[in-house]
Amino acid sequence: MAKCGRCGKKAEILLPYGPHNFCRAHFIEFFERRVRRTISRHGLIRRGEKVAVGLSGGKDSSATLFLLNKFFPKSNEIIAIMLDEGIPKYRDRALKIAEENCKKWKIKYVKRTFKNEFGITMMQIMRKIAKDENLGSTCSFCGVLRRHLLNKIARELKCAKIATGHNLDDEAQSILMNIFDNDPKRLARLGAIAGTEEIVEFVPRIKPLYETPEKDIIAYASFNGIKSYSEECCPFKWQAKRNLFRSELDKFEEKSPGTKYKILSFFKNMKPLLEKNIRKESLHKCAKCRSITSEKNKYCNVCLQLAKVKK
């Protein structure tokens, strides 16, 4: 019988990458200390800042909201932002649970829909893509629109940061995807904090779970009774290239525990070199909506994507 490495009681969770064996209480302590260390080490949240949490209703964003509310009950205002992309029997069910959590934890929340903001839902976009494959993947549209709307709402609420539920698995996958795509510019933009405070139009996005494995989050949510939507995945998920990287990385992690942490460590060592040697693009305002976009585009990605499906 495996015993907790801290107190000698029966271990309720085994973490191969350590290896660590913990009872319930000491796992929670270990988990929370690691998240606090991530926040402190990367300067993710300053005292007094208003922080938005992009809340989807899934385990990662729900755990992020729970943790920030626990860590900063008085020093910082925490508010949840929920986006309904218009995917029936998926997002509506997830957001129902998200709202229940906010009410239970007494956290303010704002809810917006793609239909009201963009005049189109993801189901409508999917149907157009089904007729014209040249439009691209459903996921590429969803990601661009979600990021834009999160940023817009956070600015309206005067939030200093947007916290997302991105975890160690997500980051390791993103690192490899950008290496395989030979995209050093996008690779350099990864990290525990994305965006810059120097550009007022962008609200920096932070990742408190940046150094936390996905399986640990599942266990933490279970031990703390954090309700989340996990019955079904997004019906468009099969289109994402990320699925292949997730599957292969999980195989490597199983055969060689700690692989994901090693990938992240490699990236941390490389990031200063990438930032030093890659020229930063100058920015200007989109000719249509006046949002900030890169120098090579007259219009921002949101306007370009919407124009594709609406013409």
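Atoms considered below: every heavy atom in the structure, side chains included; atoms not considered: hydrogens, waters and symmetry mates.
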query: What about Leu249 and Leu244, same hydrophobic cluster or not, with Ile/Leu/Val/Met/Phe/Trp/Tyr joined at side-chain heavy-atom distances under 4.5 Å?
result: no
- prompt: Is the number of heavy atoms from other residues, nucleotides or ligands under 6.0 Å of Lys10 NZ greater than 12?
  reply: no
- request: Evaluate side-chain hydrogen bond (donor to acceptor under 3.5 Å, both in side chains) for Glu253 paired with Tyr17, printing each intermediate quantity in order.
  value: CA-CA 8 Å; Glu253 183 69 28; Tyr17 58 80; over 6 Å; no
- prompt: Is any side-chain N of the basic residue among Lys241 and Asp181 closer than 4.0 Å to the acidic one's carboxylate O?
  reply: yes
- prompt: More than 12 foreign heavy atoms under 6.0 Å from CZ of Arg186: is that the case here?
  reply: no
message: Could you check whether any side-chain N or O of Asn21 sits under 3.5 Å from a backbone N or O of Ala11, counting only pairs where one atom can act as donor and the other as acceptor?
response: no
- prompt: Does any donor atom in the side chain of Asp250 or Ser247 lie under 3.5 Å from an acceptor atom in the other side chain?
  reply: no
query: Taking the side chain as C-beta and beyond, is there a heavy-atom pair between Thr212 and Leu168 under 4.5 Å?
result: no
query: Quick one: are Ile175 and Leu190 in side-chain contact, heavy atoms under 4.5 Å?
result: yes
query: Can you find a side-chain donor-acceptor pair between Arg242 and Ser174 that sits under 3.5 Å?
result: yes
Closest contact, heavy atoms only, Ala287 versus Tyr299: CB-CE2, 3.7 Å
- request: Establish whether Phe72 and Ile206 are linked, either directly or via other cluster members, by ILVMFWY side-chain heavy-atom contacts under 4.5 Å.
  value: yes
- request: Kindly say whether Val51 contributes a backbone atom to a donor-acceptor pair with the side chain of Lys161 at under 3.5 angstrom?
  value: no
task: With the side chain counted from C-beta on, respond yes when Ile79 and Val53 share a heavy-atom pair under 4.5 Å apart, and no when they do not.
output: no
task: State which residues pass side-chain contact (heavy atoms from CB on, under 4.5 Å) with Lys152; sequence neighbours excluded, sorted by chain then number.
output: Glu117, Leu149, Glu156
task: Name the orientation class of the two ring planes belonging to Phe180 and Phe245 (parallel below 30°, tilted from 30 to 60°, perpendicular beyond 60°).
output: perpendicular
query: Taking C-beta and beyond as the side chain, do Ile45 and Leu68 meet within less than 4.5 Å on heavy atoms?
result: yes
- prompt: Looking at the rings of Phe223 and Phe31, which for Trp means the six-membered one, are their centres under 6.0 Å apart?
  reply: no
- prompt: What about His42 and Tyr210, are their ring centers closer than 6.0 Å?
  reply: yes
Atom pair NZ/CG of Lys106 and Asn69 - distance to nearest 0.5 Å: 11.0 Å
message: For a quick check under 3.5 Å, do Tyr261 and Glu211 share a side-chain donor-acceptor pair by atom type?
response: no
message: Tell me which one of Leu15, Asp169, Asn167 satisfies side chain to side chain contact (heavy atoms under 4.5 Å, CB included) with Pro213.
response: Asp169
- prompt: Would you say the side chain of Cys159 lies within less than 4.5 Å of the side chain of Glu49, judging by non-hydrogen atoms?
  reply: no
query: When you measure from the side chain of Ser62 to the backbone N and O of Gly58, does any donor-acceptor pair fall under 3.5 Å?
result: yes
- prompt: Do Glu29 and Phe22 have side chains that get closer than 4.5 Å, going by heavy atoms?
  reply: no
- prompt: Is the number of heavy atoms from other residues, nucleotides or ligands within 6.0 Å of NZ (Lys50) greater than 12?
  reply: yes
field: Verdict with supporting geometry, Tyr109 and Asn101, side-chain hydrogen bond (donor to acceptor under 3.5 Å, both in side chains)
entry: CA-CA 10 Å; Tyr109 65 89; Asn101 282 336; over 6 Å; no
message: So that I can tick it off, tell me whether Lys104 and Glu100 are bridged by a salt bridge, with the cut-off set at under 4.0 angstrom between side-chain N and carboxylate O.
response: no
query: Hey, does Lys298 have a side-chain heavy atom less than 4.5 Å from the side chain of Lys288?
result: no
Salt-bridge criterion met for Lys251 and Glu248 (N-O under 4.0 Å): yes
message: Tell me if the NZ atom of Lys215 is crowded by more than 12 foreign heavy atoms within 6.0 Å.
response: no
message: Could you tell me if the side chain of Glu171 sits less than 4.5 Å from the side chain of Leu264, heavy atoms only?
response: yes
- request: Would you please test Glu32 and Tyr220 for side-chain contact (heavy atoms from CB on, under 4.5 Å) and show each step?
  value: CA-CA 9 Å; Glu32 292 183 352; Tyr220 181 82; 2.5 Å; yes
